[in-house]
**Q** 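The structure's right below; bear with me while I get my questions together.
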Amino acid sequence: MTEPSAAALSPEANPCDKSLRRCSLFAACGAHAVHDGLTDVIYVLLPIWQAQFAISYAMVGLLRGSYSGMMAAFQLLASRLARRWGRERMLVGGTALAGVAYLIAGQAGGLAVLLFALLLGGLGASTQHPLASSIVTDTHEAGGGVKEALSHYNFAGDIGKTLIPALVGLLLLVCSWQASVSLLGLLGLTAAGLLWWLLPKPGELQAGTKKVGKGIAGSGSKASFRALLATGTLDSAVRMGFLTFLPFLLKSKGAGTAGIGVALSLLFVGGAFGKLLCGYLGARIGMMKTVWLTESMTSVLIVVALWLPLAGIMATLPLLGLALNGTSSVLYGAVPELAAPGKREHAFALFYTGSIGGGALSPVLFGALGDHTSVNAALLALAVVLLLTLPLAWKVQRGLAHGGAPSSTLAA
C-alpha cells in the first residue's frame, strides 16, 4: 500500500474532512430550512388568527413579534450555553422545542395559549442561526469556502420559507388551521431526530477544525461591525414588517388563503435565488454596491406594489423577493471578516440578535401605525426607512476595505 501524499492529507483532500463538511453543511441547511419555514408560515396564519380572535393590527404584530422577539433575545444565551452543553445538543434541543411549541399552538383555544406557544417556539428557534452558521463556518474555513457555504446555508432557509408556507396554504383548503399547525409540530420533532443523526459529534467536529490551516482573519473593527449590525437590523425590520402586512395587502385586493400562500412562495422563491445571486454579486462588485442596488430596488418595488392590482403584484413578487431577501446574504458574509479573533460565534450571535430583534419589533411598531393610519401608510413608511441602510453600507465597506482599526476590537 502506497504512502499517502501530503495533498491527500490536507483538509481539502482528506475524504473524512470532506464527509464532515458535507454532513455539517447538510444538517445546518436542513435546520435552517425547517426553522425558517416554521418562522415564516406564521404570515399565512395571521389573517386566520385575526379573524378568529378579533384582534387589531397591533396585536397581529405582537403575535408575529413574540416569536421573533424570543428568538432574538435568547441567541446570545444559546451561544453561551453551547460552550457548556455543545452546539449540536443545543441545536437538536431547540428544534425539538420549536416542534413542541407548534403542537401546543395546534391545541390553542384562546389567544393566551397561542401567544405562549409562539414564545416557546421562538425560544427553541433561538438556537438555530448562531449555532448552525458557526458550525458551517468552522468546518469550511479551509480553501476559502466559507462565503460559498454560508450562501448555500442561507439559500436553504429560503427553500423552507418557500415550501412550508405554500404547503400549509394548500392544507388549509382541506383541513383546519389547528390540524395544519399540529402537523408543523410533528415536522419540527422529525427534523430534531434527523439532526441528532446527521450532525457530527463534538469530538469529530473539534478534530476536523484543528486540521484547518489559516482561516478568515477577522479585523475586529468595532465601528464597522456596529454599522453592519445596524444595516442588518434595519434590513430585517423592513423585511419582517413588509411580510407581516403583505397578506393583508393581498387580501384587500381579493386574494384568498391559498392565494396568500402562493404569493409568499413566489416571494421566497425569488428570495432564495436572490441570496445565491447576491452572494456572488457581492464578491464581484463589492458589498456596498450590492446593498445599494438591492435596498433601492426593494424600496421602489414596495411602493409600486401598493398601486398594482393583484395579478400585477403576483408578477412582481419574485423580483421583490430577490431584492428583499438577497441583501442578507451579503451581510452574513461580512460577519467573519469584521469579527474579532476568537469571537466569531459571538459576532454571529450579536448580528442575528440585532437583525432578528429589529424584525420582531418592526411588526409591533408599524402595526400600531397601520391601526392609526392604514396598511398602505405603514408600507410606505417601511420603504422610506429602508433607505437608511445606504449610508450604513458605505461605513461597513470602509471597514472591509481598510481591514479595521487594529486597536478597536469587538467586545466580548
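Everything quoted here is computed from the prediction, not taken from an experiment.
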**Q** Under a 4.5 Å cut-off applied to non-hydrogen side-chain atoms, are Leu320 and Phe242 in contact?
**A**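 Yes, close enough: below the 4.5 Å cut-off.
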**Q** Could you tell me the separation between the OG1 atom of Thr231 and the CD atom of Gln397, rounded to the nearest 0.5 Å?
**A**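 These two atoms lie 11.5 Å from each other.
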**Q** Quick check: does any side chain N or O of Ser362 sit under 3.5 Å from a backbone N or O of Gly358, one acting as donor and the other as acceptor?
**A**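 Side chain of Ser362 to backbone of Gly358, a donor-acceptor pair under 3.5 Å: no, none is there.
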**Q** Check for a donor-acceptor pair, side chain of Ser68 on one end and backbone N or O of Gly65 on the other, with a separation under 3.5 Å.
**A**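 Side chain of Ser68 to backbone of Gly65: no pair is present.
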**Q** Supply the atom-to-atom distance Met71 CE to Thr39 OG1, rounded to the nearest 0.5 angstrom.
**A**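 So the CE of Met71 and the OG1 of Thr39 are separated by 4.0 Å.
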**Q** Search all heavy atoms of Pro130 against all heavy atoms of Gln75 and return the closest pair with its distance.
**A**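 So the minimum-distance heavy-atom pair works out to CD-OE1, 3.3 Å.
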**Q** Please report the C-alpha distance between Tyr57 and His372 in whole Å, then the side-chain angles of each, then the deciding distance to 0.1 Å, and finally whether the side chain to side chain contact (heavy atoms under 4.5 Å, CB included) criterion is met.
**A** CA-CA 10 Å; Tyr57 286 123; His372 287 89; over 6 Å; no
**Q** Please report the interatomic distance CZ(Phe155) to NE2(His32), rounded to the nearest 0.5 Å.
**A**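 Phe155 atom CZ to His32 atom NE2 measures 12.0 Å (nearest 0.5 Å).
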**Q** Checking Thr294 side chain against Val291 main chain: does a donor-acceptor pair fall under 3.5 Å?
**A**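 Indeed, once roles are kept as given, a pair shorter than 3.5 Å links the two residues.
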**Q** Looking only at atom types and distance, does a side-chain atom of Ser126 sit under 3.5 Å from a main-chain N or O of Ala72, one as donor and one as acceptor?
**A**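 Checking the backbone N and O of Ala72 against the side chain of Ser126, no donor-acceptor pair under 3.5 Å is found.
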**Q** Carefully, step by step, assess Thr95 and His35 under the rule side chain to side chain contact (heavy atoms under 4.5 Å, CB included).
**A** CA-CA 7 Å; Thr95 305; His35 276 278; 2.9 Å; yes
**Q** For Pro318 versus Met314, what's the shortest heavy-atom pair and its separation?
**A**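 Answer, listing the atom of Pro318 first, then Met314: CD-O, 3.5 Å.
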**Q** Fit a plane to each ring of His129 and Tyr352, take the angle between them on a 0 to 90° scale, and name the class: parallel (under 30°), tilted (30 to 60°) or perpendicular (over 60°).
**A**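 Because their plane-to-plane angle is under 30°, the rings of His129 and Tyr352 count as parallel.
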**Q** Please tell me if the side chains of Ile302 and Val238 come closer than 4.5 Å, counting only heavy atoms from C-beta onward.
**A**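 Result yes, sub-4.5 Å side-chain heavy-atom pair found.
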**Q** When rounded to the nearest 0.5 angstrom, what distance separates CG in Leu119 from OH in Tyr67?
**A**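 Output value for this atom pair is 11.0 Å.
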**Q** So, does Ser374 use its side chain to make a donor-acceptor pair with the main chain of Gly370 at under 3.5 Å?
**A**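 Not confirmed, Ser374 side chain does not pair with Gly370 backbone.
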**Q** Where do Pro363 and Gly359 come nearest, in terms of heavy atoms and distance?
**A**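 Looking at all heavy atoms of both residues, the closest pair is CD-O, 2.8 Å.
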**Q** For residues Thr290 and Gly286, report the shortest heavy-atom separation together with the two atoms involved.
**A**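 Closest approach of Thr290 to Gly286, heavy atoms only: OG1-O, 2.8 Å.
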**Q** Take Leu267 and Lys161, measure what side chain to side chain contact (heavy atoms under 4.5 Å, CB included) needs, and give me the verdict at the end.
**A** CA-CA 9 Å; Leu267 187 78; Lys161 292 177 182 179; over 6 Å; no
**Q** For side chain to side chain contact (heavy atoms under 4.5 Å, CB included), just list the numbers for Leu184 and Val168, CA-CA rounded to whole Å, side-chain angles, deciding distance to a tenth of an Å, and then say yes or no.
**A** CA-CA 9 Å; Leu184 291 174; Val168 170; 3.9 Å; yes
**Q** If you compare all heavy atoms of Ala96 against all heavy atoms of Ala192, which two are closest, and at what distance to 0.1 Å?
**A**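 Answer, listing the atom of Ala96 first, then Ala192: N-CB, 3.6 Å.
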**Q** Looking at Arg226, is its backbone amide N or carbonyl O close enough to the side chain of Lys395 to form a donor-acceptor pair, meaning the two atoms are under 3.5 Å apart?
**A**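 Here the side-chain-to-backbone pair does not exist.
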**Q** Find out whether Gln178 and Gln107 are in side-chain contact, i.e. whether some heavy atom of one side chain is under 4.5 Å from a heavy atom of the other.
**A**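 No, too far: nothing below the 4.5 Å cut-off.
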**Q** Does the side chain of Leu306 reach to within under 4.5 Å of the side chain of Leu379, using non-hydrogen atoms?
**A**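 Yes, side chains in contact.
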**Q** How long is the straight-line distance from OG1 of Thr353 back to CZ of Phe351, given to the nearest 0.5 Å?
**A**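 Separation between the atoms: 10.5 Å.
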**Q** Do any N or O atoms from the side chain of Thr373 and from the backbone of Leu369 form a donor-acceptor pair under 3.5 angstrom?
**A**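 Yes; judged by distance alone, with no hydrogens or angles, the pair exists.
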**Q** State, with a plain yes or no, whether a side-chain heavy atom of Tyr153 is found less than 4.5 Å away from one of Ser133.
**A**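 Yes; the side chains approach each other to less than 4.5 Å.
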**Q** Are Leu63 and Leu111 close enough that some pair of their side-chain heavy atoms sits under 4.5 Å apart?
**A**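 A side-chain contact under 4.5 Å exists here.
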**Q** Which pair of non-hydrogen atoms, one from Cys175 and one from Ser180, has the smallest distance, and what is that distance?
**A**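 That would be SG-OG, 3.4 Å.
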**Q** Given side chains that start at C-beta, do those of Arg64 and Leu243 come closer than 4.5 Å, heavy atoms only?
**A**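 They are not in contact (no side-chain heavy atoms under 4.5 Å apart), so the answer is no.
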**Q** Has Thr298 got a side-chain atom pairing as donor or acceptor with Ala323's backbone, closer than 3.5 angstrom?
**A**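 Yes.
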**Q** Does NZ in Lys289 sit with more than 12 non-hydrogen atoms of other residues, nucleotides or ligands closer than 6.0 Å?
**A**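 Counting neighbours around NZ of Lys289, 12 or fewer heavy atoms of other residues, nucleotides or ligands fall under 6.0 Å, so no.
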**Q** Test your reading of the model: is there a side-chain donor-acceptor pair from Ser134 to the backbone of Leu131, 3.5 Å cut-off?
**A**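 Side chain of Ser134 to backbone of Leu131: a pair is present.
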**Q** Side-chain contact test, heavy atoms from C-beta onward, threshold under 4.5 Å: evaluate it for Ile313 versus Leu250 and give yes or no.
**A**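 Result yes, sub-4.5 Å side-chain heavy-atom pair found.
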**Q** Quick check for you: to the nearest 0.5 Å, what is the distance between Met59 atom CE and Leu115 atom CG?
**A**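 Separation between the atoms: 7.5 Å.
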